[in-house]
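Please read all numbers here as calculations on a predicted model, not as lab measurements. Start at 1 with the first residue, then count along the sequence.
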Amino acid sequence: MDNRPIGVFDSGVGGLTVARELMHVLPNEELVYFGDTARVPYGSKSRETVTRFSLQDVRFLLSKKVKAVVVACNTASANSLSAMQQAFSLPIFGVVEPGAAAGARATKNGRIGVIATSSTIASGAYQQAILKKNRGFAVLAKACPLFVPLAEEGWTEEEITFLTAQKYLTELKAQQVDTLVMGCTHYPLLRRCIQEVMGDDVTLIDPARETSLLVKEALEEKQLLRQAETPPSHRFYVSDQTAMFESICRRALGEVHEAEKIEIESY
Ligand code: DGL
């Protein structure tokens, strides 16, 4: 038994889609969430910068005495997971491998689309992870950088979001993918527009569920689950105060949570 919280971080609001799944799959666990809202987006930055930010993010979470870290950011998972795992001794989970596994399981025609930030696509992490499951798969990758500011702005179902999705995704749809991995944790917030463009026949994969199941399994195995009578209480931190964070938090989690601002550069 270990009653310490699980740390979760992302560049901004996207990781809330992972926090939501963690709360469903591990309803007794406490979360400490950090959204690096002062430095979002990560997806247009170099691997070096993403790694420096990610190491700071984990150090901040460690200061909150977490027992494990979930990297609720595909960009950080794709570029910096091994650097984090080498630098720290606690269990650190990424979202890319679970997302790739879920995509590989769902496809029927072997044609899998992956949408993510420019940096995640350039890293090749998803393409490699999916092909490792089956060399015969066709992986069609597409960077959709404008989805992140739309999600951070809370424009999840606006016409401009639909038009942006159409511009990015029409090509993928024409390539007859039957499965689309949403390889950025911000994208499930835009799910409705993405599904509308791709059509109901295409299965959308949100790696959050698979990741949460993996975290559960690992914590069970290491006997690190929280066992307390009291309900969990979650804490939220950001590196810049944005009104949007709390409103998206309410929408994503169905609850109001106040976020405290911290100085991430000092970690
Ligand atoms: N939500 C993040 C991801 O999953 C990063 C988005 C960004 O900061 O560019 O990749």
Side-chain angles (χ1 to χ4, degrees), residues 2 4-12 14-15 17-19 21-22 25-26 29-36 39-43 45-104 114 116-117 119-133 181 183-185 206-226 237 239 264-265 267:
D2 188 332
R4 290 175 298 166
I6 299 172
V8 181
F9 82 86
D10 178 43
S11 59
T17 60
V18 179
E21 279 305 319
L22 284 166
V25 172
L26 289 160
E29 293 296 321
E30 296 193 313
L31 304 185
V32 174
Y33 183 93
F34 174 60
D36 197 359
R39 304 189 296 192
V40 65
Y42 282 12
K45 299 193 169 70
S46 67
R47 175 177 297 227
E48 205 181 18
T49 300
V50 172
T51 302
R52 183 168 70 79
F53 288 178
S54 301
L55 293 173
Q56 284 182 314
D57 299 344
V58 177
R59 276 196 289 274
F60 165 69
L61 291 171
L62 279 171
S63 77
K64 298 293 168 196
K65 311 239 177 310
V66 299
K67 61 185 168 192
V69 169
V70 178
V71 183
C73 174
N74 289 267
T75 307
S77 300
N79 288 288
S80 318
L81 184 64
S82 53
M84 288 182 265
Q85 287 171 333
Q86 273 163 32
F88 305 104
S89 57
L90 80 172
I92 302 184
F93 304 91
V95 283
V96 170
E97 184 52 46
V114 177
T117 65
S119 166
T120 299
I121 297 297
S123 77
Y126 263 107
Q127 295 90 319
Q128 285 159 25
I130 292 172
L131 289 175
K132 223 195 243 171
K133 307 284 171 207
V181 180
C184 171
T185 54
D206 175 357
R209 175 111 198 136
E210 193 82 3
T211 305
S212 304
L213 293 170
L214 258 178
V215 173
K216 181 176 183 218
E217 205 179 290
L219 294 184
E220 265 167 8
E221 199 184 298
K222 292 181 200 299
Q223 302 192 327
L224 289 178
L225 288 173
R226 176 175 181 265
Y237 298 88
S239 50
I264 191 63
E265 289 291 357
Y267 289 88

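Of all the heavy atoms in Ala102 and Glu210, the pair that sits closest is CB-OE1, 4.0 Å. Between Thr51 and Ala83 the shortest heavy-atom distance is CG2-CB, 3.7 Å. Between Val18 and Ala208, the closest heavy-atom pair is CA-CB, 3.8 Å. The shortest heavy-atom contact between Pro207 and Val181 is CG-CG1, 4.2 Å. In terms of heavy atoms, Thr117 sits closest to Cys184 at CG2-SG, 4.0 Å. Summarising the geometry of Leu225 relative to Leu26, their closest heavy-atom pair is CD2-CD2, 3.7 Å, with the distance given to 0.1 Å.
Looking at Leu61 and Val32, their side chains come closer than 4.5 Å, going by heavy atoms from C-beta outward. Counting heavy atoms from C-beta outward, Val71 and Leu81 have side chains that approach closer than 4.5 Å. Between Val69 and Phe88, every side-chain heavy-atom pair lies at or beyond the 4.5 Å cut-off.
In terms of the ring pair (Phe, Tyr, Trp, His ring centres under 6.0 Å) criterion, residue partners of Tyr42 (sequence neighbours excluded) are, by chain and number, Phe53.
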(message) Assess the residue pair Tyr33 and Asp10 against the criterion (side-chain contact (heavy atoms from CB on, under 4.5 Å)); give the C-alpha distance rounded to whole Å, side-chain angles, the decisive distance to 0.1 Å, and a yes or no.
(response) CA-CA 8 Å; Tyr33 183 93; Asp10 178 43; 3.6 Å; yes
(message) Between Gln127 and Ile121, is the side-chain contact (heavy atoms from CB on, under 4.5 Å) condition met? List the steps.
(response) CA-CA 8 Å; Gln127 295 90 319; Ile121 297 297; 4.0 Å; yes
(message) Please determine whether side-chain contact (heavy atoms from CB on, under 4.5 Å) holds for the pair Asp36 and Phe9, giving the CA-CA distance in whole Å, both sets of side-chain angles, and the decisive distance to 0.1 Å.
(response) CA-CA 8 Å; Asp36 197 359; Phe9 82 86; over 6 Å; no
(request) Show your working on side-chain contact (heavy atoms from CB on, under 4.5 Å) between Val70 and Leu22 and close with a plain yes or no. (result) CA-CA 9 Å; Val70 178; Leu22 284 166; 4.1 Å; yes
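The side chain to side chain donor-acceptor pair (under 3.5 Å) test with Glu29 is passed by exactly one of Lys67, Arg4, Lys216: Lys67. With respect to Asn79, the side chain to side chain donor-acceptor pair (under 3.5 Å) criterion is satisfied by exactly one of Ser119, Ser123, Ser46: Ser119.
With respect to Lys64 and Glu30, no salt bridge is recorded, no charged nitrogen being found less than 4.0 Å from a carboxylate O. Using a 4.0 Å cut-off between a side-chain N of Lys or Arg and a carboxylate O of Asp or Glu, Arg209 and Glu21 qualify as a salt bridge.
Considering CZ of Phe93 and OG1 of Thr211, their distance stands at 10.0 Å, rounded to 0.5 Å. Note that the CG atom of Leu62 and the CG atom of Asp57 stand 11.0 Å from one another [nearest 0.5 Å]. Between atom CG of residue Leu224 and atom CG of residue Leu90 there is a gap of 10.0 Å, rounded to the nearest 0.5 Å. A distance of 11.5 Å separates OG of Ser239 from OH of Tyr267, quoted to the nearest 0.5 Å. Within the model, atoms CG of Leu219 and CG of Asp2 stand 8.5 Å from one another, a figure rounded to the nearest 0.5 Å. Summarising the geometry, atom CD1 belonging to Ile6 is positioned 10.5 Å from atom CZ belonging to Arg226; distances are rounded to the nearest 0.5 Å.
With hydrogens and angles disregarded, a donor-acceptor distance shorter than 3.5 Å links the side chain of Thr185 to the backbone of Ala72.
More than 12 heavy atoms of other residues, nucleotides or ligands sit less than 6.0 Å from atom CD of Glu265. The 12-atom threshold is not exceeded at CD of Glu48, counting heavy atoms of other residues, nucleotides or ligands nearer than 6.0 Å.
Residues Asp206 and Thr17 bring no donor and acceptor atom of their side chains to less than 3.5 Å of each other.
Pairs of residues two or more places apart, or lying in two chains, that qualify as side-chain hydrogen bond (donor to acceptor under 3.5 Å, both in side chains) and include a residue from residues 86-101 are Glu97-Lys133.
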